[in-house]
Amino acid sequence: MKTRPFSPSSSDDSFSEGSVDISDIPPPSQRANKKKRLASPESQDEYGETELVGKILDGLSKPHNCKSVPPEVLYHERGSHLFDKICYSSDDYYLASSEMDILVEKARFITARLKENSVIFELNAGSIPKTKIILDAIEKCSIQVTYYALVMDQYELDYLVSRLDRYTYIKIQGVLGSFEDGTAWINKHYMIKNIQKTFLWLGSAIGNLKHKEAILSLHRLQSMCMEPGDFIVIGFDKRNDPSKIRLAYNDTKCLVKEFILNGLDNVNSILGKPNMLNRKFFAYNSRYQTQNGYHVAHYCALREMKINQTIDHKKYSIHIKKNELIHIIHSYKYSTEEIDHLLRLTNLDMVDHWLDSKNLFRVVVAEIRPFNFKHKISEIQRGLPTTQEWNELWTLWDLVTQTMIDSRTMIYKSPIVLRHPFIFYLGHISAFIDTLFSIYKIDEGLGYIGQTEPSSYSNIFEWDTDHSEITSFSNNWPLLSSVLVYQTNVRKRLMSFVAFWESGRIFTQKSLLYKSRERKRHARIIWMCFEHAAMQIETILYMLTQSSSTLPPKGISIPSWKLAMEDKQCFPKFIPLSNARVIKILGGLISLGHIDAERWDLDMKYNNDEFGWDNERPLRQVHVNTFFIESRPITNGEYFIYMKEKSIAKPPASWIVENGFVFTRTVFGRCPIEFAQYWPVQVTYMEAVGYAQFRGCRLPTEPELMKFRQTINAEMKEKNQIKSSNIGFHNWTPTDVNNNDVYIMGDNWEWTNTVFDTHTGFEHSLIRPGYSSNFFDGNHYVALGGSWATHPRIAERRSFRQFYQCERTHAFVGFRLCHDTKPTNKAQIQ
């Protein structure tokens with residue numbers, strides 16, 4: 001996929017000199033048969049040389065040092081074969097060999113995700129050896145698929161298809177055209193066909209795009225061509241040692257130099273002017289911008305040139321000055337954080353990623369999921385959730401409750417003592433919403449009066465609990481079908497009001513119901529309904545991890561460890577992490593809570609724009625002394641060693657110990673601890689305290705953990721040392737932590753040593769009395785952050801406080817250690 005390049009400034013200059021033996025490169029006429037291979041009669045070469053001529057001349061007509069030549073000319077005819085020589089004959093150009101190293105080891109995991117009769121589209125196809133690795137793995141597994149190569153050059157398409165057309169189970173096809181042509185063709189022929197699609201975008205081709213172009217291209221592909229269950233495999237060059245990168249583009253055999261200069265020959269051929277841009281008058285200029293991560297290639301003019309050209313009655317006057325740089329192509333090198341950011345911006349989720357044996361290149365597998373939550377609190381509306389947010393939440397709710405819970409065997413059961421059966425939670429959120437709408441007459445102006453029928457459901461499903469005792473359970477729960485109808489009707493009621501609110505008509509409504517102060521109260525109630533529903537999903541999920549009957553989430557890919565555990569040779573060695581880095585946090589004031597009060601809803605003097613639960617209010621400051629805190633949470637591997645050394649027989653509820661083997665519970669079933677050894681462990685408060693005492697440490701207080709997060713965000717965010725937060729279903733399990741990055745939140749909530757209790761200025765909720773105060777019993781402790789199953793609206797609001805009983809098992813809560821004094825190992829101090 002080639003796009004028009006740009007010419008960024010640079011300070012790293014180098015000129016490549018030397019010669020290259022090109023005697024064994026065949027001319028175009030010998031490379032392939034000219035038989036036209038198109039995906040269908042409608043697939044045409046819409047990106048012809050006429051358009052390319054215009055791009056060349058337009059680029060050369062730009063002002064001084066802003067000129068460019070489209071990189072498509074590099075791969076024209078002989079250029080593609082030259083590029084193959086660079087990839088597979090140069091020891092210096094590590095990108096291709098590193099990517100092949102990965103594919104040789106991991107192609108079977110790509111194959112394992114393919115369905116019978118699925119289709120594979122390779123974007124910017126052309127590297128036969130890499131393509132063959134994947135296709136050979138598919139053929140070995142006898143999976144029937146159709147492979148499409150998307151290529152812009154007819155010769156390349158013929159050559160590629162002729163070399164690959166020899167499989168029994170794989171049908172080889174070609175699509176001739178640009179990226180835009182290909183995505184439009186795929187959208188027309190393969191969307192909404194219930195056919196799995198896998199896209200290959202290899203060779204770090206995405207690095208040839210500007211950041212904005214990469215985002216737009218990937219978003220176009222995702223929105224036009226991908227559906228839940230589809231995958232994309234992308235190759236990314238890493239931010240490697242600058243000398244390594246410079247050598248790759250200034251190789252000792254001068255292959256890259258010849259490849260670039262050959263582009264000038266192709267320009268002359270395309271324009272029909274043999275000596276228009278004579279390569280004798282240009283040098284290859286290679287630059288790597290270390291700070292920005294860009295390698296940029298230019299033609300440097302060795303003499304002044306003036307060219308006049310007329311194409312289609314359009315006159316071009318080209319003036320190239322001596323030493324002027326003409327941009328031809330660039331290659332961006334991605335950090336892990338930049339890859340994650342790119343995927344999030346394009347609504348893709350990472351399924352897996354692999355590094356080569358020398359840690360130079362990364363291949364990422366990503367998917368599109370049935371829902372996608374917005375991240376970053378500044379990017380989402382603080383007040384009333386939008387219709388889109390509600391729809392995303394309901395999609396997740398239905399995915400969890402209707403595809404993961406077996407309605408025949410699980411719906412009237414609970415896998416956890418002191419918790420209601422699943423049927424309760426299906427009705428509870430609807431009853432909660434319906435009750436508040438009825439009490440506060442929120443939608444009376446839309447014709448809704450009283451409760452949704454059957455009105456008795458509000459009593460049956462109203463009571464949720466976190467108390468240590470549940471006195472009675474009903475053995476006469478309503479039929480599932482009836483509860484689902486009730487759920488649909490309540491949702492319709494809610495969404496009608498949200499849509500009405502968003503339409504703007506509410507601001508011209510004559511009814512007294514919609515005076516401004518009452519709108520504020522109604523907005524708070526809708527916000528409460530949203531966050532309560534989001535929290536209930538997390539509750540249901542930690543219940544589901546305790547059941548052996550849980551079904552995997554539909555439309556969410558199987559995690560890589562699930563595929564790897566089928567082969568004992570793929571099991572990693574059990575090597576727990578060494579103790580985490582210890583970070584010194586200077587004492588000082590820290591702000592807790594936020595500015596909000598329910599009584600302000602009915603007072604027009606106040607105009608706060610962010611809601612919170614009663615225990616988050618008011619905004620207050622507390623002082624903390626200097627303390628030392630570890631950079632990450634305690635992992636499963638570390639906790640396993642602790643249990644072994646202390647001879648503790650009872651494992652955490654998040655584990656299963658069977659016949660001497662240890663597994664971690666997940667929604668995908670049991671995960672061997674070898675694969676989960678670097679995941680943050682999930683334990684009760686008392687289990688966390690026991691481990692901390694074993695290490696001679698303690699748990700941080702709520703103000704300390706808040707101070708740590710604030711300090712790290714302020715001081716280390718720009719250094720790319722903060723681990724990306726695994727919240728909002730970015731992954732459906734915890735993920736590995738390490739001793740290099742600093743971990744702020746995500747994967748699990750984190751216990752604090754702060755008892756959940758009243759505080760100065762606390763006012764209990766008038767809308768949900770007892771939301772907090774019912775649990776001021778001395779047995780509940782504050783947890784901060786958020787888990788992989790926490791909605792971003794909750795996890796990214798710094799004032800949100802979760803609370804659990806100190807003996808509460810099953811919840812997604814972990815911990816990190818805090819030190820009152822400087823550790824004896826000074827090397828640990830940051």
Side-chain angles (χ1 to χ4, degrees), residues 382-385 428-429 431-442 458-459 461-471 517-536 538-539 591-622 685 701-703 706 749 752-784 790-791 793-794 797-806 808 811:
R382 290 185 172 192
L384 187 67
H428 170 66
I429 288 300
F432 180 85
I433 294 170
D434 194 61
T435 298
L436 288 179
F437 267 55
S438 300
I439 291 175
Y440 290 93
K441 301 179 180 179
I442 289 178
S458 62
N459 294 322
F461 294 113
E462 182 181 10
W463 182 39
D464 189 19
T465 183
D466 187 35
H467 287 298
S468 58
E469 294 184 3
I470 294 179
T471 56
R517 64 180 187 178
E518 292 180 336
R519 286 205 302 270
K520 181 70 173 294
R521 174 54 55 87
H522 298 157
R524 182 184 297 277
I525 290 171
I526 293 174
W527 166 85
M528 280 186 169
C529 293
F530 186 92
E531 290 212 351
H532 188 49
M535 286 187 275
Q536 288 297 300
E538 186 167 353
T539 298
S591 296
L592 303 179
H594 71 162
I595 301 173
D596 180 35
E598 286 182 18
R599 52 187 167 82
W600 294 350
D601 294 351
L602 305 180
D603 191 334
M604 296 306 297
K605 291 186 300 183
Y606 299 97
N607 189 32
N608 60 305
D609 64 349
E610 183 177 353
F611 298 127
W613 298 96
D614 57 6
N615 64 71
E616 299 176 52
R617 308 187 286 263
L619 181 67
R620 57 203 184 279
Q621 287 191 321
V622 298
Y685 170 83
T701 64
E702 178 183 7
M706 290 291 292
W749 294 90
T752 73
N753 205 28
T754 299
V755 175
F756 184 64
D757 206 344
T758 188
H759 51 257
T760 302
F762 172 78
E763 296 178 3
H764 69 80
S765 173
L766 302 174
I767 301 173
R768 274 199 80 185
Y771 171 80
S772 297
S773 56
N774 284 353
F775 307 100
F776 293 161
D777 54 11
N779 291 321
H780 286 72
Y781 284 78
V782 175
L784 297 180
T790 306
H791 195 284
R793 267 186 171 263
I794 297 172
R797 188 170 73 250
R798 67 180 301 276
S799 61
F800 186 88
R801 310 166 78 214
Q802 185 59 276
F803 52 94
Y804 294 109
Q805 291 174 337
C806 60
R808 161 64 73 82

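Values reported hereafter were calculated over all heavy atoms of this structure, with side chains retained and with hydrogens, waters and symmetry mates removed. For reference, positions follow the sequence shown, starting with 1.
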Reported [atom1]-to-[atom2] distance for the pair [X] and [Y], which is rounded to 0.5 angstrom:
{"X": "Ser773", "Y": "Asp614", "atom1": "OG", "atom2": "CG", "answer": "7.0 Å"}
{"X": "Phe756", "Y": "Gln802", "atom1": "CZ", "atom2": "CD", "answer": "9.0 Å"}
{"X": "Phe461", "Y": "Thr435", "atom1": "CZ", "atom2": "OG1", "answer": "11.5 Å"}
{"X": "His791", "Y": "Phe800", "atom1": "NE2", "atom2": "CZ", "answer": "12.5 Å"}
{"X": "Thr701", "Y": "Met706", "atom1": "OG1", "atom2": "CE", "answer": "11.0 Å"}
{"X": "Ile794", "Y": "Glu531", "atom1": "CD1", "atom2": "CD", "answer": "4.5 Å"}

Aromatic ring proximity, centroids under 6.0 angstrom, Phe803 and Phe775
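Between Phe803 and Phe775, which both carry aromatic rings, the centre distance is below 6.0 Å.
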Do Phe776 and Phe762 make the cut of ring centroids closer than 6.0 angstrom?
yes
Please identify each residue that fulfils side-chain contact (heavy atoms from CB on, under 4.5 Å) with Ser438, with sequence neighbours left out.
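Per chain and number, Ser438 pairs via side-chain contact (heavy atoms from CB on, under 4.5 Å) with Asp434, Gln451, Arg493.
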Results of side-chain contact (heavy atoms from CB on, under 4.5 Å) for Cys806 - residues two or more places apart only:
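Checked Cys806 against side-chain contact (heavy atoms from CB on, under 4.5 Å); matches are Tyr685, Met686, Tyr781.
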I'd like to know if the side chain of Thr752 pairs up with that of Glu702 as donor and acceptor (distance under 3.5 Å, no hydrogens or angles considered).
no
Check: [Y] main-chain N/O paired with [X] side-chain donor or acceptor under 3.5 Å:
{"X": "His759", "Y": "Arg617", "answer": "yes"}
{"X": "Glu538", "Y": "Met535", "answer": "no"}
{"X": "Asn615", "Y": "Ser772", "answer": "no"}

Please report the closest heavy-atom contact between [X] and [Y], naming both atoms and the distance.
{"X": "His532", "Y": "Trp613", "answer": "N-CZ2, 4.3 Å"}
{"X": "Ile767", "Y": "Met528", "answer": "CG2-SD, 3.7 Å"}
{"X": "Tyr804", "Y": "Ala783", "answer": "CD1-CB, 4.5 Å"}
{"X": "Ser591", "Y": "Gln621", "answer": "OG-NE2, 3.5 Å"}
{"X": "Ala597", "Y": "Arg524", "answer": "O-NH2, 3.3 Å"}
{"X": "Ala533", "Y": "Ile429", "answer": "CA-CD1, 3.5 Å"}

Are there over 12 heavy-atom neighbours, none belonging to His594, within less than 6.0 Å of that residue's NE2?
yes
Would you say that Trp600 contacts Ile595 through its side chain, given a criterion of any heavy-atom pair below 4.5 Å between the two side chains?
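Yes, side chains in contact.
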Contact check, side chains of Cys529 and Phe432, non-hydrogen atoms, under 4.5 Å:
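In contact.
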